[in-house]
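The chains referred to below are lettered A, B, ... by the order of the sequence lines, with proteins before strands, and numbering in each begins at 1. Small disclaimer: the values here were computed from a predicted structure and weren't measured.
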Amino acid sequence: MLHLLDLRKNKDQIVQKLKIKNFDAHALVSSAISKDDERKTIQQKSDELLSEQNKIAKQIGQFFKSGKIDQANELKQSSSNLKKESQKLLSSLHKIEDDIFNILVQIPNVPHDSVPNGNSEMDNEILDEYGTKPILEKNALCHWEIAEKYKLIDFKLGNKITGSGFPVFTGKGAKLQRALISFFLDENINAGYEEFLPPSVVNSDSMFGTGALPDKEGQMYHIQSDNLYLIPTAEVPVTNFFRNTIIKDFPIKCTAYTPCFRREAGSYGKDVRGLNRLHQFDKVEIVQIEHPENSYNTLDKMVKHVSSILKKLELPFRIVKLCGGDLSFTSSLTYDFEVYSAAQDRWLEVSSVSNFESFQSNRLKLRFKDTDGKSKLCHTLNGSALALPRIYAAILENNQSDSGIRLPDVLHSYSGFEYIK
RNA sequence: GGUGAGGUGGCCGAGUGGCUUAAGGCGCACGCUUGGAAAGCGUGUAAACGGGAAACUGUUUCGGGGGUUCGAAUCCCUUCCUCACCGCCA
């Protein structure tokens, strides 16, 4: 959610920049500002009335104490009248505040100056490509076939006990999953992130704080009996640690492994084959809270960090800067990481590293004290480091040969084996 | 699930309708003191939204929401959460 003061200050610029997201904000921004003008007028009047009532109430107290009952009763009447008036004002104040809020939540975050124009993922800018695509034998298998051949993942068993999109990892397959989680966490800890293991279920305040509510209600699993939500990413619990706080020392660097739950309503077709798109998957997330002056510098560092992990895994990957049309509602600038999955001959998104600037902080009331003594909004950033399923798929596909699957060297000490045969 | 006790500032904690401008303490900041430090003493110490060039100032906030009253941290309703004991249980 954008901050009204920013909207007032940079109205034209913001409207202009949002066009890159193919969003015409003109009408919304104008009406938010004019409603805010109205709000100020009402607040001024209502503050005056309340102030008057407070004075009268004190006066009445004095009169009662000194036994001047008649004078007190007179004042009571006038205060009653004032109260009726101020109650009307207060209810219109609340109404207009709701209106403004409902407008603000419809306006997406302002894209960074460097975001390229474009309508879809076709227009994203490929910044860098690392590694070389492996040349596979003609009889090379896709990861779901490999998983079945070597008994690493049992999709049918998942269907039986839960449904599609909920795979069961078995034997060395389960061990590999656990190895990847540990490896990612250790890489993040070595880069200065503090590890957390949060709940996988959060309340609606938390979902609202990071923007999943009200925008994505239908995409989440909701436990109605307790009004709790299964988290779609660790970003939600971890960023909400800092809801309603004033930060003293920057940066704050957190990492967390969690399962992630997504309903993926509306997804279908070959994209959902195997591990490509799941309802439950594992992910290790990194989250940073930064001073606004440093946040883009920090975003670059996060990009370098994620790159370094992918290099260690010996996977070919590319870094993509999202164009305006593909950028999420809440993000100012996002870099996607895609690994090459050889048997599918596809680039698969495995990480998305974003700077949200103060868009989340505004909802979260996440602030710091600036040198002028005033509260300012922090910047929040996060990224996957990394999402497991597609990494898993790429490792299986890219490293297959007649003699089995060779695991990248960095995983050996975690998995306890070098080959899957 | 049952019963009971609670939710007050950064933290602890007092506060049963006007004397609260939320006592007192801790912490923190600044100053005095000192050769330097500690101790001691003094001063200050929340957020949001307004008005004002500024000094300053108005309103709101004692878990959330609603109500009673001229006036609510305090009374009533409702809801959420925490703790303790019991029951069940990995």
J.: Should the ring pair A/Tyr229 and A/His222 be called parallel, tilted or perpendicular, given that the plane angle runs from 0 to 90° and is split at 30 and 60?
T.: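 Taking A/His222 first and then A/Tyr229, their aromatic rings lie parallel (interplane angle under 30°).
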
J.: Going by heavy atoms in the side chains, are A/Lys321 and A/Val115 under 4.5 Å from each other?
T.: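 SC-SC contact between A/Lys321 and A/Val115 ruled out.
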
J.: Roughly how many Å apart are B/U43 and B/G7, using the P atom of each and rounding to a whole number?
T.: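 About 31 Å, rounded to a whole number of Å.
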
J.: B/A46 and B/U8: how far apart are their C1' atoms, nearest whole angstrom?
T.: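 Comparing C1' positions in B/A46 and B/U8 gives a spacing of 13 Å.
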
J.: Work out how far the C1' atom of B/G65 is from that of B/U60, and round it to whole angstrom.
T.: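 Those two atoms are separated by 15 Å.
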
J.: What integer number of Å spans the P atoms of B/G40 and B/C26?
T.: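 Straight-line distance between the two P atoms is 9 Å.
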
J.: Identify the nucleotide, in any strand shown, that forms a Watson-Crick or G-U wobble pair with B/U69, with both distances under 3.5 Å; if there is none, say none.
T.: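 Pairing partner: none.
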
J.: So what's B/U74 paired with, Watson-Crick or G-U wobble, going by both distances under 3.5 Å?
T.: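 Answer to the pairing question: none, since B/U74 forms no Watson-Crick or G-U pair.
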
J.: Using whole Å, what does the distance between atom C1' of nucleotide B/C11 and atom CD1 of A/Ile246 come to?
T.: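 From A/Ile246 CD1 to B/C11 C1': 15 Å.
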
J.: Distance check, C1' atoms only: B/U74 and B/G67, in whole angstrom units.
T.: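 To the nearest whole Å, 15 Å.
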
J.: A/Tyr392 and ring pair (Phe, Tyr, Trp, His ring centres under 6.0 Å): which partner among A/Phe281, A/Phe169, A/Phe184?
T.: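 It is A/Phe169, the one option of A/Phe281, A/Phe169, A/Phe184 that forms the ring pair (Phe, Tyr, Trp, His ring centres under 6.0 Å) with A/Tyr392.
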
J.: Round to a whole Å and report the spacing from CD of A/Glu97 to C1' of B/U59.
T.: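 Taking CD of A/Glu97 and C1' of B/U59, I get 12 Å after rounding.
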
J.: How about A/Phe359 and A/His3: are their ring centres within less than 6.0 Å of each other?
T.: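 No, the ring centres sit 6.0 Å or more apart.
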
J.: Look through every strand shown and name the nucleotide pairing with B/A54 as Watson-Crick or G-U wobble, where both distances are under 3.5 Å.
T.: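 By the stated definition (distances under 3.5 Å), nothing pairs with B/A54.
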
J.: Any strand is fair game: report the nucleotide pairing with B/A46 by Watson-Crick or G-U wobble, both distances under 3.5 Å, or none.
T.: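 Paired with B/A46, as far as the under-3.5 Å criterion goes, is B/U61.
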
J.: Measure from CZ on A/Phe368 to P on B/A46 and round the result to the nearest Å.
T.: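 Taking atom P of B/A46 as the reference, CZ of A/Phe368 is at 19 Å.
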
J.: Give, for atom OG of A/Ser352 and atom CD of A/Glu338, the distance between the pair rounded to the nearest 0.5 Å.
T.: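 Going from the OG atom of A/Ser352 to the CD atom of A/Glu338 covers 10.0 Å.
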
J.: Rounded to whole Å, please give me the gap between CD in A/Glu52 and C1' in B/U60.
T.: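 Going from A/Glu52 (CD) to B/U60 (C1'), I get 18 Å.
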
J.: Can you see if the side chain of A/Arg39 gets near the phosphate of B/C49 - specifically, an N or O under 4.0 Å from OP1 or OP2?
T.: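 Answer is no, no contact under 4.0 Å.
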
J.: Could you work out the separation of B/U45 and B/U57 based on their P atoms and round it to a whole Å?
T.: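 Taking atom P in both B/U45 and B/U57, they lie 12 Å apart.
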
J.: Could you tell me how far B/C81 sits from B/G64 if I compare only their P atoms? Round to whole Å.
T.: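 B/G64 and B/C81 have their P atoms separated by 15 Å.
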
J.: Step by step, work out the side chain to side chain donor-acceptor pair (under 3.5 Å) result for A/Arg243 and A/Asn240.
T.: CA-CA 5 Å; A/Arg243 165 153 44 91; A/Asn240 274 281; 2.8 Å; yes

J.: Please name the nucleotide paired to B/G87 by Watson-Crick or G-U wobble geometry with both distances under 3.5 Å, or report none.
T.: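 Here B/G87 is not engaged in any pair, so there is no nucleotide opposite it.
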
J.: Does the structure show a Watson-Crick or G-U wobble partner for B/U21, both distances under 3.5 Å? Name it, or say none.
T.: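 Paired with no nucleotide.
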
J.: Just the atom pairs and distances: protein N or O near nucleotides 66-70 of chain B's N or O, under 3.5 Å.
T.:
residue : atom : partner : partner atom : Å
B/U69   : O4   : A/Lys83 : NZ           : 3.1
B/C70   : O2'  : A/Ser79 : OG           : 2.6

J.: For A/Gln43 and B/G51, give me the distance from atom CD to atom P, rounded to whole Å.
T.: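 So the two atoms are 8 Å apart, to the nearest Å.
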
J.: Can you check the distance between B/C30 and B/G24, where both ends of the measurement are the C1' atom (answer in whole Å)?
T.: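 The answer is 22 Å between these two C1' atoms.
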
J.: Parallel, tilted or perpendicular for A/Tyr296 and A/His112, by the 30°/60° rule?
T.: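 Tilted, since the angle between the ring planes falls between 30° and 60°.
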
J.: Searching all strands shown, indicate the nucleotide that pairs with B/C41 (Watson-Crick or G-U wobble; both distances under 3.5 Å).
T.: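 Answer to the pairing question: B/G31, which forms a Watson-Crick or G-U pair with B/C41.
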
J.: Could you tell me the separation between the CG atom of A/Leu90 and the P atom of B/G65, rounded to a whole number of Å?
T.: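 In whole Å, B/G65 P lies 13 Å from A/Leu90 CG.
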
J.: Pick the nucleotide of RNA chain B nearest each of A/Glu48 and A/Lys365; which residue has the one closer to the 5' end?
T.: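 By nearest-heavy-atom nucleotide position, the 5'-most residue is A/Lys365.
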
J.: Which nucleotide, if any, forms a Watson-Crick or G-U wobble pair with B/U16, using both distances under 3.5 Å?
T.: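 Checking every strand shown, B/U16 finds no partner, since no pair has both distances under 3.5 Å.
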
J.: Ring centres of A/Tyr193 and A/His305 under 6.0 Å apart?
T.: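 Yes; A/His305 has its ring centre under 6.0 Å from that of A/Tyr193.
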
J.: Students often get this wrong, so: under 4.0 angstrom with heavy atoms, is A/Ser46 touching a base, only sugar-phosphate, or nothing?
T.: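 A/Ser46: no heavy atom of the nucleic acid under 4.0 Å.
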
J.: So that I can tick it off, tell me whether A/Lys17 and A/Asp113 are bridged by a salt bridge, with the cut-off set at under 4.0 angstrom between side-chain N and carboxylate O.
T.: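 Yes, charged N to carboxylate O under 4.0 Å.
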
J.: If you only use heavy atoms from C-beta on, which nucleotide in B/G51, B/G58, B/A48 is closest to the side chain of A/Arg367?
T.: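 Of the candidates, B/A48 comes closest.
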
J.: Between B/U60 and A/Asn54, is there an OP1 or OP2 to side-chain N/O distance shorter than 4.0 Å?
T.: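 Checking A/Asn54 against B/U60: at least one side-chain N or O falls below 4.0 Å of OP1 or OP2.
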
J.: In whole Å, I'd like the distance from the CD1 atom of A/Ile42 to the C1' atom of B/G51.
T.: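 Going from CD1 in A/Ile42 over to C1' in B/G51 covers 17 Å.
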
J.: I need the CG-C1' distance between A/Asn362 and B/A48, as an integer number of Å.
T.: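 Checked: the CG to C1' distance equals 12 Å.
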
